[in-house]
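Down below is the structure, laid out as structure tokens.
In this chain, numbering begins with 1 at the start of the sequence shown.
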Amino acid sequence: MIRKVAVANDSIIYVFDNDYSQDVNFMHKIRYLDRKIRFDVAGLAYNTFGDTEYQFKLEGLDEDWSEWTTDSYKEYISLSEGDYKFMVRSRNGYGQISNTAEFSFEVTPPYYRSILAYILYFLSVVVIVVLIVAWRNIVHSREKYRLEKIVEMRTNELVMQKEQTEKLVKKLLPQNAVDELQKQKSGNAKSWKYDMVTVLFSDIQGFTKIAATTNPEELIKYLNELFVTFDNIIAKYNIEKIKTIGDAYMCAGGMPNRDATNPVEVVLAGMEMQRALADFNKKHDLKMNMRLGIHTGPVVAGVVGAQKIEYDMVNIASRMESHGKVGRVNISEETYRRVKEFFNCENRGLMNVKNKGEMEMYFVNGILEELSENGDGITPNHLFNVRKQSLNFSLIQEEILEQMQRDLPKNLYYHNLKHTTDAIYRVADIGTKENVSEEDLLLLRCAALFHDSGFMASYDNNEEIGARLAHQTLARYDFSREQIDIVKGIINATKVPQNPHTLLEEIMCDADLDYLGRPISQNLFRELFERGKIDSIEQWNKMQYKFITQHHYFTETAKRSGEPGKQQVLKELKELI
């Protein structure tokens with residue numbers, strides 16, 4: 001019954017021959033580029049003067065037989081690769097139906113999924129990795145040269161100080177960062193373990209059906225445009241793209257720079273990616289849907305940029321995607337615990353996950369109303385960003401206190417780590433009682449953290465050095481220039497004689513000299529004595545008496561809490577003098 005089979009460009013791959021004899025299971029091969037295939041049929045045994053009808057079915061594509069038709073041919077276009085069996089039967093005018101004729105064929109995979117293509121892909125990746133490593137080595141060499149110049153310049157500036165400053169760069173950078181640069185110089189850079197990284201895994205749903213009915217070149221163009229849009233979104237949130245596999249997209253936040261905000265930023269990116277897909281569908285009149293899952297946990301990554309994501313971490317993120325719903329952002333319980341103060345989340349309860357047992361999951365419905373512009377649940381407002389910065393303060397505090405503990409001179413008996421932590425607590429206490437805003441409290445705590453960090457490099461003019469270190473550190477954590485300038489102003493206001501110009505500077509000055517309202521610590525005397533600033537205890541008592549007599553607190557809170565104690569200290573000093 002099958003008279004002729006032709007593919008693209010009318011290339012005939014089969015013609016009926018009375019002498020033709022072939023196994024019905026013989027599989028014809030058709031190139032992926034020749035996926036337009038036409039079958040010409042003729043039910044001669046049932047010919048009733050043009051009344052013959054035909055019914056077709058293509059196993060591998062059709063679920064059921066076609067309607068009866070008088071057309072004596074059938075065409076298929078843009079078939080996916082795979083095995084197919086074409087079947088046809090005829091019916092004459094008397095309703096008699098013939099036996100089924102069959103023709104088996106296989107559409108081979110396209111060239112870009114051939115073994116040679118995969119080898120070329122692998123070689124391309126190797127070349128790119130080698131180029132990236134070489135480029136990073138050049139960048140690190142330039143940075144090392146720049147740091148060496150800074151060390152030389154700072155050493156010349158502070159040569160007259162008792163504390164040597166030839167290692168200023170080490171004091172202004174975390175020790176592990178310095179050590180890692182040295183290891184890279186010798187070619188022995190190691191991987192780092194990150195305690196909190198957030199992985200996003202997404203997958204386009206219905207992509208196979210779209211591919212079966214869309215021109216391959218056009219489909220690749222669509223997918224590339226969509227993934228470029230995703231790339232732009234994650235770049236905005238400092239998220240690292242890991243890889244794409246077909247229509248799947250994976251990225252991670254919190255690498256290579258550690259932060260405490262990556263769960264919040266990855267959820268924001270996930271919400272924006274779903275909105276971007278909706279806009280993309282409207283633009284191209286498509287019906288793509290996407291499931292998206294997010295999980296937070298530890299990973300391993302190299303500082304030179306090559307990430308090794310722990311399998312279990314990615315596996316859980318993938319499970320979040322597979323158990324999600326199209327158009328929604330599905331997150332794990334670990335991620336929920338870190339973002340619940342920012343987003344309106346819907347508890348889905350316990351879900352049975354393959355190889356993981358029961359896991360609790362949540363849908364993200366949007367940003368909390370009070371943290372979004374006009375309560376739209378979509379656009380983060382200023383308070384949202386302030387609270388996100390507050391998350392990072394714990395990381396900043398840990399980094400700077402660890403650096404100060406390592407690099408502060410051992411004979412700093414008063415301006416030590418305890419004084420810094422006391423100042424952080426005191427500015428928060430005074431600021432709260434003075435009713436400053438949430439953002440102002442954050443800036444006060446940052447200033448208190450850095451206000452004595454300059455002692456790591458110099459005892460004199462330490463405020464200026466501390467302000468520079470605050471600038472460098474806070475800029476890495478996305479504080480604005482205006483916020484950084486406020487913090488620097490607060491730090492510089494602590495320089496004696498104090499001359500604050502704003503309420504925040506007044507709060508910092510009062511917190512820094514809070515000790516004046518308590519019995520005088522001899523630690524400050526010992527610190528100054530060993531540096532030749534004073535010669536005797538008598539001189540110290542007179543200097544303190546004069547200083548306290550001329551001093552006044554600026555804020556009403558400090559006046560109420562500190563002034564009575566300060567007067568008692570003055571009385572004791574007067575008796576000593």
Side-chain angles (χ1 to χ4, degrees), residues 198-205 225-239 249 251 253-254 259-296 317 320-321 324-348 361-393 437-443 477-483:
T198 303
V199 172
L200 180 151
F201 197 95
S202 68
D203 188 61
I204 304 295
Q205 301 301 299
E225 180 182 342
L226 181 62
F227 282 179
V228 167
T229 302
F230 289 172
D231 290 345
N232 293 333
I233 291 173
I234 68 172
K236 182 170 67 175
Y237 295 104
N238 296 317
I239 299 170
Y249 189 97
C251 58
D259 60 57
T261 60
N262 63 80
V264 175
E265 289 159 344
V266 173
V267 170
L268 283 174
M271 293 169 55
E272 193 167 338
M273 288 166 68
Q274 289 286 19
R275 295 196 299 270
L277 179 60
D279 294 339
F280 181 84
N281 283 333
K282 290 180 182 179
K283 177 181 177 181
H284 297 288
D285 194 24
L286 295 173
K287 294 182 179 180
M288 288 188 182
N289 292 307
M290 180 171 67
R291 290 196 308 239
L292 191 150
I294 297 173
H295 175 63
T296 303
M320 293 302 110
E321 176 271 317
K325 292 184 179 179
V326 295
R328 306 295 297 273
V329 175
N330 190 39
I331 63 176
S332 67
E333 183 178 10
E334 290 77 6
T335 303
Y336 167 75
R337 287 192 293 106
R338 292 172 171 84
V339 304
K340 61 183 179 181
E341 303 299 329
F342 293 84
F343 299 96
N344 176 19
C345 298
E346 174 187 340
N347 190 338
R348 303 181 62 197
M361 300 183 191
Y362 297 80
F363 279 141
V364 179
N365 293 327
I367 301 172
L368 291 174
E369 184 176 350
E370 65 271 20
L371 298 181
S372 60
E373 292 289 350
N374 302 317
D376 62 5
I378 297 174
T379 309
N381 60 18
H382 183 68
L383 182 57
F384 183 101
N385 293 324
V386 169
R387 291 190 180 176
K388 196 169 67 147
Q389 290 172 329
S390 296
L391 290 179
N392 273 333
F393 178 76
S437 69
E438 192 171 330
E439 180 180 15
D440 288 341
L441 274 179
L442 172 62
L443 300 181
Y477 287 93
D478 295 329
F479 280 70
S480 69
R481 181 58 185 267
E482 181 181 0
Q483 290 174 319

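- Rounded to the nearest 0.5 angstrom, I331 CD1 and M361 CE are separated by 11.0 Å.
- Heavy atoms only, all atoms of each residue included: M271 and V364 are closest at SD-CG1, 3.9 Å.
- Within a 6.0 Å sphere centred on CD of E370, other residues, nucleotides and ligands contribute more than 12 heavy atoms.
- The CG atom of N381 lies 8.0 Å from the CD1 atom of I367; values are rounded to the nearest 0.5 Å.
- The two residues R348 and G324 make their nearest non-hydrogen contact at NH1-CA, 3.9 Å.
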Working for side-chain contact (heavy atoms from CB on, under 4.5 Å), residues N392 and K388: CA-CA 7 Å; N392 273 333; K388 196 169 67 147; 6.0 Å; no
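- More than 12 heavy atoms of other shown residues, nucleotides or ligands fall within 6.0 angstrom of atom CG in D279.
- Looking only at distances, a side-chain donor or acceptor of D376 sits under 3.5 Å from a matching main-chain atom of I378.
- Interatomic distance, F201 CZ to E321 CD, rounded to the nearest 0.5 Å: 6.0 Å.
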I'd like to know whether E439 forms a side chain to side chain donor-acceptor pair (under 3.5 Å) with Q483, so could you lay out the CA-CA distance, the side-chain angles of the two residues, the decisive distance to 0.1 Å, and finally the verdict. CA-CA 9 Å; E439 180 180 15; Q483 290 174 319; 2.8 Å; yes
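- Atom CD of E369 has 12 or fewer heavy atoms from other residues, nucleotides or ligands within 6.0 Å.
- Contact of the Y362 side chain with the V339 side chain is not registered, since no non-hydrogen atoms from C-beta on lie closer than 4.5 Å.
- Here the straight-line distance linking atom CG of N289 with atom CG of N281 works out to 7.0 Å at 0.5 Å rounding.
- Using a 4.5 Å heavy-atom cutoff, the side chains of V386 and H382 are in contact.
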Should R328 and N365 be marked as a side-chain contact (heavy atoms from CB on, under 4.5 Å) after you check the CA-CA gap, both sets of side-chain angles, and the distance that decides it? CA-CA 8 Å; R328 306 295 297 273; N365 293 327; 2.7 Å; yes
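- For the residue pair N385 and P380, the shortest heavy atom distance occurs at OD1-CB, 4.4 Å.
- Checked by atom type and distance alone, the side chain of S372 pairs as donor or acceptor with a backbone atom of G377 at under 3.5 Å.
- Nearest heavy atom pair, residue T296 against residue T198, reads OG1-OG1, 3.0 Å.
- In this structure the side chain of Y237 reaches within 4.5 angstrom of the side chain of L268, judged on heavy atoms.
- With hydrogens and angles disregarded, no donor-acceptor distance shorter than 3.5 Å links the side chain of T261 to the backbone of V264.
- Atom CZ of residue F343 and atom CZ of residue F384 lie 4.0 Å apart, to the nearest 0.5 angstrom.
- Atoms CG and CZ, on L443 and F479 in that order, are 7.0 Å from each other to the nearest 0.5 Å.
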Report the C-alpha distance between Y249 and M290 in whole Å, list the side-chain angles of each, state the deciding distance to 0.1 Å, and finish with yes or no for side-chain contact (heavy atoms from CB on, under 4.5 Å). CA-CA 10 Å; Y249 189 97; M290 180 171 67; over 6 Å; no
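- A pairwise comparison of heavy atoms in A317 and V199 identifies CB-CG1, 3.7 Å as the closest pair.
- Residues D478 and N238 have side chains in contact (heavy-atom distance under 4.5 Å, counting atoms from C-beta outward).
- Nearest heavy-atom pair across L371 and E341 is CD1-O, 3.5 Å.
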Go through the steps to decide whether R291 and N330 satisfy the test side-chain contact (heavy atoms from CB on, under 4.5 Å), and finish with yes or no. CA-CA 8 Å; R291 290 196 308 239; N330 190 39; over 6 Å; no
